[in-house]
> 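Provided herewith is a single structure, encoded as structure tokens, for subsequent inquiry.
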Amino acid sequence: MPELPEVETVRRSLLPVILDKPIASVDVYYERILQHITPRKFKEQITGRRILDLARRGKYLIFHLENHLDLVAHLRMTGRLIYYSDAAIAMAKHTSVIFGFASGGNLRFEDVRKFGTLDLVTSGEYEQIKGLHSLGVEPLSEAFTVEHLQNLIQDRSTKIKGLLLDQTKIAGMGNIYADESLFMARIHPERPANSLSSLEVQSLHLAIKDVLQDAIVGQGTTLRDYRTGYGREGSFQNKLQIYGKKGEKCPRCGVDLEYKKVAGRTSHFCPACQREQRS
DNA sequence: AAAACCGCCTGTCGGC
DNA sequence: TGCCGACAGGCGGTTT
């Protein structure tokens with residue numbers, strides 16, 4: 001579900017409404033959301049702490065709290081973090097945690113499939129959060145250059161789609177934006193990474209940046225569960241070129257689109273625009 | 001190093 | 001209508 005653009009949208013939408021607010025109460029309705037900590041300790045440590053900032057790294061959200069604490073959230077497949085200005089609004093069926101504020105509003109972690117996680121660690125000490133600790137480059141940062149992508153691709157014969165989904169290489173890409181980026185760059189998802197020409201690497205680099213940036217502008221893609229921090233749907237589902245377009249025609253060339261499992265994930269592509277063998 | 005599984009959960013959809 | 005399996009945007013762990 002939420003990939004980099006969705007998580008970034010949640011960050012931007014929540015920040016203004018939670019900044020500087022002390023967490024007045026914590027209610028845990030699904031204990032297994034908490035990693036490496038009991039509900040009792042969790043409540044004890046964060047109650048009364050103000051939220052100093054909200055950051056994002058890959059698909060992780062990091063709430064910087066007073067007392068050198070970082071509250072690290074991952075939404076996985078169906079998680080939502082929504083601010084409710086009216087605390088009296090009935091709790092959704094699959095609500096895992098509610099953080100209450102003295103001002104009256106609250107922040108709720110809702111999660112149908114319950115794969116989402118919360119970690120509480122000392123500021124910057126992410127060793128126990130393996131996925132966060134081992135994240136690769138931020139694709140929208142200046143560090144993600146064509147040369148950086150070229151180096152990731154160099155000497156790897158793995159399928160390019162699998163590499164794009166590997167969070168230790170590039171942080172925040174998921175199935176939707178990997179397919180959209182490969183389509184934009186006209187690269188077949190099963191191409192061995194090291195078979196890409198330098199021109200193709202350049203075009204993939206540009207496509208990744210463009211797709212992610214445009215999706216943030218569109219406030220993310222709502223296919224079913226994803227919502228922004230104020231509970232609204234994103235709009236980028238209306239701009240998808242290929243993801244989920246099974247049975248439709250390629251918007252670029254009109255050929256019937258195809259889909260198949262690549263690197264364990266359903267992958268959409270145009271067999272004409274994204275050829276497996278370069279001719 | 002990488003690929004192929006499974007598990008974690010619930011909901012939805014298609015086929016019969 | 002009901003049942004049943006396949007499948008869903010993610011990731012950690014184990015085995016091959």
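All values reported here derive from a predicted model rather than from experimental measurement.
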> Taking only the P atom of each, what is the distance from dA2(B) to dG9(C) in whole angstrom?
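It works out to 22 Å between them.
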
> Which part of the nucleic acid, if any, lies within reach of Tyr177(A) when heavy atoms closer than 4.0 Å are counted: base, sugar-phosphate only, or nothing?
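Contact class for Tyr177(A): none.
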
> Hey, are the side chains of Leu4(A) and Glu138(A) touching, using non-hydrogen atoms and a 4.5 Å cut-off?
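Result yes, sub-4.5 Å side-chain heavy-atom pair found.
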
> Using atom P of each nucleotide, how far apart are dT10(B) and dT1(C) to the nearest Å?
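The answer is 25 Å between these two P atoms.
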
> Among Arg80(A), Arg227(A), Lys93(A), whose salt bridge (Lys or Arg N to Asp or Glu O under 4.0 Å) with Glu110(A) holds?
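With Glu110(A) as partner, salt bridge (Lys or Arg N to Asp or Glu O under 4.0 Å) holds for just one option, Arg80(A).
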
> Which one, dG9(C), dA8(C), dG12(C), comes nearest to the side chain of Tyr60(A)?
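Out of dG9(C), dA8(C), dG12(C), the nucleotide with an atom closest to Tyr60(A)'s side chain is dG12(C).
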
> Relative to the 5' end of DNA chain B, which residue comes earlier, Arg113(A) or Asp155(A), by the nucleotide with the nearest heavy atom?
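The residue closer to the strand's 5' end, by nearest nucleotide, is Asp155(A).
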
> Between Tyr226(A) and dG9(C), is there a side-chain N or O to OP1/OP2 distance below 4.0 Å?
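No, outside the criterion.
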
> Pick base, sugar-phosphate or nothing for Asp225(A), based on heavy-atom distances below 4.0 Å to the nucleic acid.
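Result for Asp225(A) = base.
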
> Rounded to the Å, how far apart are Phe115(A) CZ and dC8(B) C1'?
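Going from CZ in Phe115(A) over to C1' in dC8(B) covers 5 Å.
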
> Is the distance from OP1 or OP2 of dG11(B) to the nearest side-chain N or O of Lys93(A) less than 4.0 Å?
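Indeed, a polar side-chain atom of Lys93(A) lies that close.
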
> Take the protein atom CE of Met77(A) and the nucleotide atom C1' of dG7(B), then report the distance between them rounded to whole Å.
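Nearest whole value for this atom pair: 13 Å.
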
> Check every strand shown and say whether Thr221(A) touches a base, only sugar-phosphate, or nothing at a heavy-atom separation below 4.0 Å.
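It contacts base atoms.
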
> Given the structure, check if the side chain of Arg224(A) and the base of dA8(C) hold any donor-acceptor pair shorter than 3.5 Å.
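Not at all, since no donor on one side and acceptor on the other fall under 3.5 Å apart.
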
> Side-chain contact, heavy-atom cut-off 4.5 Å: Asn175(A) with Lys161(A)?
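Of all side-chain heavy-atom pairs linking Lys161(A) with Asn175(A), at least one is under 4.5 Å.
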
> What integer distance in Å separates His74(A):NE2 from dC8(B):P?
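His74(A) atom NE2 is separated from dC8(B) atom P by 19 Å.
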
> For a quick test of reading the model: is some side-chain N or O of His94(A) closer than 4.0 Å to OP1 or OP2 of dG11(B)?
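For dG11(B), OP1 or OP2 has a side-chain N or O of His94(A) closer than 4.0 Å.
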
> Starting from P on dA2(B), measure out to CG on Leu152(A) and report it in whole angstrom.
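About 11 Å, once rounded to whole Å.
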
> Does a side-chain N or O of Lys59(A) approach OP1 or OP2 of dC11(C) to a distance below 4.0 Å, or not?
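Checking dC11(C) against Lys59(A), a side-chain N or O does come within under 4.0 Å of OP1 or OP2.
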
> Ring centres under 6.0 Å, that's the criterion: do His205(A) and Phe144(A) meet it?
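Distance test on ring centres: under 6.0 Å, yes.
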
> Give Glu6(A) one of three labels, base, sugar-phosphate or nothing, depending on what nucleic acid heavy atoms sit under 4.0 Å from its own.
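Counting heavy atoms under 4.0 Å across all strands, no contact is made by Glu6(A).
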
> Work out how far the P atom of dC3(C) is from that of dC8(B), and round it to whole angstrom.
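Going atom to atom, P in each nucleotide, I get 25 Å.
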
> Can you tell me the Watson-Crick or wobble partner of dG9(C), both distances under 3.5 angstrom?
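Result: none.
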
> Is there a side-chain contact between Tyr243(A) and Phe236(A) (heavy atoms, below 4.5 Å)?
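Not in contact.
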
> In whole angstroms, how far is the C1' atom of dA3(B) from the NZ atom of Lys169(A)?
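Taking atom C1' of dA3(B) as the reference, NZ of Lys169(A) is at 13 Å.
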
> In whole Å, I'd like the distance from the OH atom of Tyr126(A) to the C1' atom of dC11(C).
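It works out to 19 Å between those atoms.
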
> Among dT10(B), dC11(C), dA8(C), which nucleotide sits nearest the side chain of Val112(A)?
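Selected nucleotide: dT10(B).
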
> Within the pair Lys130(A) and dG13(C), is there a side-chain N or O less than 4.0 Å away from OP1 or OP2?
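Yes.
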
> Output the rounded distance in Å from NZ (Lys114(A)) to P (dT10(B)).
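Answer to the nearest Å: 5 Å.
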
> Is there a side-chain contact between Val26(A) and Phe42(A), using heavy atoms and a 4.5 Å cut-off?
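In contact.
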
> Just the rounded figure in Å: distance from P of dG12(C) to CG of Leu165(A).
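That distance rounds to 14 Å.
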
> Closer than 4.0 Å, any side-chain N/O of Lys246(A) to the OP1 or OP2 of dC7(C)?
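So the side chain of Lys246(A) is outside the cut-off, no N or O lying under 4.0 Å from OP1 or OP2 of dC7(C).
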
